[in-house]
Amino acid sequence: MRFTVAIDGPAAAGKGTISRAIAARFGFQHLDTGLLYRAVGRRVLDGAPALIAASTLRHRDIARDDLRTQAVAEAASQVAAIPEVRAALVEFQRDFARAEGGAVLDGRDIGTVICPGADAKLFVTASAEVRARRRFDELGGEASGTDYETVLAEVRARDARDMGRADAPLVAAEDAVVIDTSDLSIEAAVERAVEAVLAAS
Ligand code: C5P
């Protein structure tokens, strides 16, 4: 059985949580495609040329546990604007999408570019303020050494870059089900996502 779920949306909208819940509920494999761009960004910060880092990416590179920092997120969103880097990562993602037993991929361009024929497409979003608040709390709140305004500015800057780039900008596919999680609990957001996947099956 092959069944592909594409989940797109901006940073900290709840894509990861929803994707993991969908994968667990239906027994699908899950790929967080942001990790591919983060792994490339990480290697660029270490001095590698972006295109070489992208074209030699291996599964073990995305399992590194130092990919979640703000510096890596920033580097990821910069390399993600390079068309050749995106092109070098397409096959990795499409191979994954063909996984026997079903696959969930989350990112920015899964329903539009990577898997336009996905069986189910979701676009998970929330206001920039809500997303910045969640990210700030995740970082540890006041104890993190940063402040909410700084996190909000970073969220907005990353949104602008992801939505404004010429190649594969962040946009909802025409046939995506949009879930705005600004005023939803995690359980309610997951429930909507499960309903959308069931409706597509
Ligand atoms: O989702 P995450 O925050 O880990 O993604 C890091 C960056 O990678 C994003 O800001 C975006 O620029 C890029 N990205 C992308 N396409 C994807 C996934 C992530 O351009 N499918």
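Quick note: residue numbers are just sequence positions, from 1. Note that ligands are numbered from 1 as they come in the structure, with each ligand's atoms numbered from 1 the same way. What you see is a predicted model, and the numbers here were worked out from it, not measured in a lab.
Atom CZ of Arg43 sits about 8.5 Å away from atom CG of Asp46, to the nearest 0.5 Å. Rounded to the nearest 0.5 Å, atoms CG (Leu170) and CE (Met163) are 5.0 Å apart. The line from CD of Gln29 to OG1 of Thr4 is 12.0 Å long, rounded to the nearest 0.5 Å.
Residue nearest to atom 12 (O) of ligand 1, selected from Leu31, Leu67, Asp162, Thr112: Asp162 (by heavy-atom distance). If you check each of Arg108, Glu74, Gln78 against atom 17 (C) of ligand 1, the one with the closest non-hydrogen atom is Arg108.
Residue Ala80 approaches ligand 1 through these ligand atoms, each under 4.0 Å from one of its heavy atoms: 12 (O), 13 (C), 20 (O). For ligand 1 and Ser77, the ligand atoms under 4.0 Å from any heavy atom of the residue are 10 (O), 12 (O).
No side-chain donor from either of Asp109 and Thr112 sits under 3.5 Å from a side-chain acceptor of the other. At a cut-off of 3.5 Å, with distance as the only test, a side-chain donor of Arg134 or Thr181 sits close to an acceptor on the other residue. Side chain to side chain, Arg161 and Ser77 meet the donor-acceptor criterion of an N or O pair below 3.5 Å.
Residue contacts with ligand 1: Gln93 is placed with no nitrogen or oxygen under 3.5 Å of a nitrogen or oxygen of the ligand (distance criterion only). Considering both main-chain and side-chain atoms, Tyr37 never comes within under 3.5 Å of ligand 1 through any nitrogen or oxygen pair.
The nearest heavy-atom contact from the protein to atom 16 (N) of ligand 1 is Arg86 NH2, 3.1 Å. Atom 10 (O) of ligand 1 has Arg158 NH1, 2.7 Å as its closest protein atom, hydrogens excluded (heavy atom only). At the top of the distance list for atom 18 (C) of ligand 1, counting protein heavy atoms only, stands Thr33 OG1, 3.4 Å.
Note: the hydrophobic cluster containing Val79 also contains Phe92 (ILVMFWY, side chain heavy atoms under 4.5 Å, direct or indirect links).
Looking at Arg165 against ligand 1, only its side chain comes within 4.0 Å, counting heavy atoms. At a heavy-atom cutoff of 4.0 Å, ligand 1 is contacted by the side chain of Arg38 but not by its backbone.
The residue from Lys15, Arg68, Arg38, Arg20 that alone fulfils the salt bridge (charged side-chain N to carboxylate O under 4.0 Å, His left out) condition with Asp32 is Arg68.
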